[in-house]
Every structure is written in structure tokens, then in C-alpha cells.
Amino acid sequence: MWGAELVPNVVSFSAAISACGKGREWQQALSLFSELRETALEPNIICYSAAISACEKGEQWQSALAMLSELQDEQLRPNVISYGAGVSACKEGGQWQRALSLLRDLWMAKLEMDVVILSAAVGACDKGGQWQWAISLLRQLQTSTLEQTVITYNSGVSACKEGGQWARALWLLREIRTARLEPDAISYNSGIGACKAEGLWQHALLLLGDMREARVEPDLVSYNSAVSSCEFCGHWRQALSLMRESSEASLQPDIISYSAVISACDKASEWEAALSLLGEMWEAKVQPSIVSYSAAISACEKGKQWQQSLSLLRGLWKARLKPNSATTVQ
DNA sequence: ATAGGGTTAG
């Protein structure tokens with residue numbers, strides 16, 4: 001552009017910054033922004049929003065918020081788009097208080113609230129472990145004139161799950177229908193995930209059944225979540241049988257499926273089953289990870305199979321996976 | 001002409 005003696009304007013800078021954001025090149029986006037500052041051009045709200053979004057995609061919540069305050073210093077008014085990118089950046093960084101504070105700013109600026117920014121805020125509460133706030137935001141949505149979406153509910157179910165509020169999670173799952181929306185696989189999967197608590201594996205299985213009945217095909221995440229609830233309860237046979245069931249449903253068990261079942265074996269001190277599953281992974285061309293190895297090693301240790309533990313540790317090294325603190329042989 | 005934001009599994 002320079003070579004052709006064409007001078008980029010604010011529009012070209014905005015487009016370029018946005019392109020960097022989409023390509024996950026946040027440093028590049030910010031350096032373009034400082035380049036823009038060195039010209040006689042005045043960055044506008046669109047440039048700023050593109051830069052904030054690039055920070056968000058690069059998980060740089062501090063930079064995103066810095067840009068948001070900088071644009072206000074420049075006497076520019078943030079709009080829903082700038083705030084939306086900011087809330088999302090806070091969500092990624094687990095900064096739920098800051099996300100809520102941006103929501104308040106948006107309200108104070110009398111800007112129109114929308115369902116996506118509210119969902120992002122619910123997501124921030126989810127990540128920040130604030131299920132009460134997540135529910136409170138969801139209630140705000142319900143009493144507003146905004147069109148509700150299943151995604152907001154999904155974030156809410158997930159927040160309850162993260163907060164260990166399984167009954168509330170399942171209650172919200174039911175509320176989706178009350179709101180005349182159709183729960184999708186993610187809704188059910190979050191609900192199944194919420195059943196990872198003492199004695200709740202049967203609930204997880206019931207939800208799998210509910211899904212089929214509602215003609216929402218369980219996917220690998222559904223099965224893996226159910227396996228995980230069995231793992232939590234130490235029901236390794238049930239966990240294994242669920243993994244087999246997923247195969248029959250043409251869903252190839254992946255690294256997460258195997259790791260969860262091997263962890264279930266560990267919990268039940270079933271070292272032989274753990275080892276056999278680890279071997280099966282190789283056959284299925286699923287590369288074991290540090291998680292699967294750790295679980296198998298722990299199972300062997302519980303069974304006092306020191307030789308096996310050592311041999312697995314060596315296998316870990318050979319696979320060039322760094323052992324972590326969970327893989328110590330006493 | 002140029003900007004954007006939401007959900008699930010080890």
C-alpha cells in the first residue's frame with residue numbers, strides 16, 4: 001500500500017486490526033493500532049472495538065479493558081459492540097466482577113442491552129464460580145422484553161454445575177421448555193455434567209434417556225460427562241459400559257473417554273482394568289495423555305503393583321510426556 | 001467502505 005503511494009486511512013486500519021484479531025494475532029493488532037496513533041489519523045470507535053476484540057481473542061483482558069478506558073479518555077463513547085468485546089474478554093479471564101461492572105456501565109450509558117452480552121456476562125459468572133449472579137442475570141433476561149435464547153440458559157446450567165448446584169442446574173434445564181425453547185445437546189450435556197456428585201450417576205443416565213426421548217442425539221460429550229459422573233461415584237463397570245455404548249452409537253471414544261474410565265478404575269482400585277484400557281488406547285490409535293497415564297499409575301499404586309507403576313512411568317518418558325506431581329511412585 | 005459479543009466432557 002505504501003509502495004503504491006496509497007495512504008491507508010482509518011477504514012483500512014480497522015479492517016487490518018480486525019483481520020489480525022480473527023487470525024489470533026493480538027500483538028500484531030496492537031502494533032497496528034500504535035502505528036495508527038503515529039499517523040495524523042484519529043482512531044474511531046470502530047478501530048478501538050476491533051482492537052478490543054483482538055485482545056479478547058488473544059485472552060488479554062487487561063489490554064482489552066485498557067483500550068476501553070483509553071477510548072473514553074479520547075472522548076469517544078463506547079457502544080454495545082465495544083462493551084460486548086470487553087465483557088467477553090473479562091469472561092475469558094475469569095474476571096466476573098469486571099464483567100458485571102461493564103454491564104452496569106452499559107446500563108448507565110443508557111445503551112440497549114442485548115441477549116448476547118447478557119449471555120457473555122452469565123458465562124463470566126460461570127467461569128468465576130458465581131452461580132447466584134448467573135441466575136440473577138438470567139432472571140433479568142426473563143423479565144425483560146429481550147428474546148430469550150437457549151444459549152443463555154446453557155450458560156446458566158453450566159454456572160450451576162460449576163457451583164456444585166446440581167438441583168438448580170436440573171431445574172434450569174427444565175425451565176428451558178417453560179420458556180418455550182428447545183434444549184439442545186449442550187443443555188443436556190451441562191445437566192449431565194452437573195450430576196457429577198455423590199450418588200448422582202443414575203440421574204446422569206436418566207438424562208441420557210431424556211435426550212433420546214427428546215430426539216436430541218447424545219454426542220461424545222454427553223457420554224463422556226455421564227462416564228465422569230460414574231467415575232466420581234466409583235462405578236467403573238458402569239463407566240466402561242457407557243463407553244462401549246458410545247462405540248455402538250458410532251461415537252469413537254476419545255482421549256477424554258478413556259481417561260475418565262481409567263480414572264474410574266483408579267478410584268475402584270481396579271489396576272488390571274486400567275492397564276488393559278491403556279493398552280486398548282494404543283490399539284484404537286488414541287494417544288494416551290499425561291492424564292490417562294497418571295490415572296493408570298495411581299491405580300497400580302493402589303494395587304501395590306510397583307513394577308507396573310515403574311514400567312508405566314518409563315512409558316511416559318518414552319512417549320515424551322512430562323510426568324507431573326500426580327505421578328510419583330512411592 | 002471499516003468493529004462485535006454467547007454454551008458442554010478427562
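Just so it is clear: chains get the letters A, B, ... in the order the sequence lines come, proteins before strands, and each one is counted from 1. In this text, all values refer to a predicted model and were calculated from it rather than measured experimentally.
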Colleague: Decide yes or no, distance alone: a donor-acceptor N/O pair under 3.5 angstrom between the base of dG10(B) and the side-chain of S289(A).
Modeller: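 Answer yes: a donor N or O sits under 3.5 Å from an acceptor.
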Colleague: Taking salt bridge (Lys or Arg N to Asp or Glu O under 4.0 Å) as the definition, give me every residue that meets it alongside E175(A), ordered by chain and number, with sequence neighbours left out.
Modeller: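 With sequence neighbours excluded, E175(A) shows a salt bridge (Lys or Arg N to Asp or Glu O under 4.0 Å) to R139(A), given in chain and number order.
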Colleague: OP1 or OP2 of dG4(B) less than 4.0 angstrom from a side-chain nitrogen or oxygen of K22(A), does that happen here?
Modeller: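 Looking at the OP1 and OP2 atoms of dG4(B), one of them is under 4.0 Å from a side-chain N or O of K22(A).
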Colleague: Using atom types as modelled, flag every donor-acceptor pair under 3.5 Å from a side chain in residues 19-26 of chain A to any protein atom, sequence neighbours excluded.
Modeller:
{"unit_1": "K22(A)", "atom_1": "NZ", "unit_2": "S18(A)", "atom_2": "OG", "d": "3.2"}
{"unit_1": "R24(A)", "atom_1": "NH1", "unit_2": "K57(A)", "atom_2": "O", "d": "3.3"}

Colleague: Any side-chain N or O of T152(A) under 4.0 Å from OP1/OP2 of dT7(B)?
Modeller: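 Result: no.
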Colleague: Contact list please: residues 117-129 of chain A against DNA chain B, heavy atoms, distance less than 4.0 Å, in numerical order.
Modeller: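 Result for residues 117-129 of chain A: I117(A), S119(A), A120(A), D126(A), sorted by number.
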Colleague: In residues 250-259 of chain A, which residues come under 4.0 Å of DNA chain B by heavy atom?
Modeller: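 Listed by number, they are D254(A), I255(A), I256(A), S259(A).
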Colleague: Looking at the side chain of S18(A), which of dT2(B), dT8(B), dG4(B) is the nearest nucleotide?
Modeller: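 Minimum distance to the S18(A) side chain belongs to dG4(B).
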Colleague: Indicate whether OP1 or OP2 belonging to dA9(B) is found under 4.0 Å from a side-chain N or O atom of K196(A).
Modeller: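 Checking K196(A) against dA9(B): no side-chain N or O falls below 4.0 Å of OP1 or OP2.
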Colleague: Return the set of residues passing salt bridge (Lys or Arg N to Asp or Glu O under 4.0 Å) with E59(A) (not counting sequence neighbours), or none when no residue passes.
Modeller: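 E59(A) satisfies salt bridge (Lys or Arg N to Asp or Glu O under 4.0 Å) with no residue once adjacent residues are dropped.
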Colleague: Which residues pass the salt bridge (Lys or Arg N to Asp or Glu O under 4.0 Å) test with R177(A), sequence neighbours left out?
Modeller: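 In terms of salt bridge (Lys or Arg N to Asp or Glu O under 4.0 Å), with neighbours along the sequence ignored, R177(A) is linked to E182(A).
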Colleague: What residues form a salt bridge (Lys or Arg N to Asp or Glu O under 4.0 Å) with E42(A), not counting sequence neighbours?
Modeller: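 If we apply the salt bridge (Lys or Arg N to Asp or Glu O under 4.0 Å) test to E42(A), skipping adjacent residues, there are no hits.
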Colleague: Heavy-atom contacts under 4.0 Å between residues 174-190 of chain A and DNA chain B, which residues?
Modeller: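 Heavy-atom contacts with DNA chain B come from I186(A), N189(A), S190(A).
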Colleague: Under the ring-ring contact (aromatic ring centres under 6.0 Å, His included) test, which residues partner Y48(A), sequence neighbours left out?
Modeller: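 Residues passing ring-ring contact (aromatic ring centres under 6.0 Å, His included) with Y48(A): F33(A).
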Colleague: Are S49(A) and dG4(B) close enough that a side-chain N or O sits under 4.0 Å from OP1 or OP2?
Modeller: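 It does not, given that no N or O in the side chain of S49(A) lies less than 4.0 Å from OP1 or OP2 of dG4(B).
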Colleague: Looking only at side-chain atoms of N79(A), point me to the closest of dA9(B), dG4(B), dA3(B).
Modeller: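 For the N79(A) side chain, the nearest candidate turns out to be dA3(B).
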Colleague: Return each pair, listed once, that meets side chain to side chain donor-acceptor pair (under 3.5 Å) where at least one residue sits in residues 200-211 of chain A; pairs must be two or more places apart or across chains.
Modeller: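 Non-adjacent pairs meeting side chain to side chain donor-acceptor pair (under 3.5 Å): W201(A)-H235(A).
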Colleague: Of the residues in residues 211-224 of chain A, which ones touch DNA chain B at a heavy-atom distance under 4.0 Å?
Modeller: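 By residue number: V221(A), N224(A).
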Colleague: Show every ring-ring contact (aromatic ring centres under 6.0 Å, His included) that has at least one partner inside residues 250-279 of chain A, sequence neighbours left out.
Modeller: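 Residue pairs passing ring-ring contact (aromatic ring centres under 6.0 Å, His included), neighbours aside: none found.
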Colleague: When you measure from the side chain of I46(A), which nucleotide among dT2(B), dG6(B), dT8(B) comes out closest?
Modeller: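 My answer, after comparing the listed nucleotides, is dT2(B).
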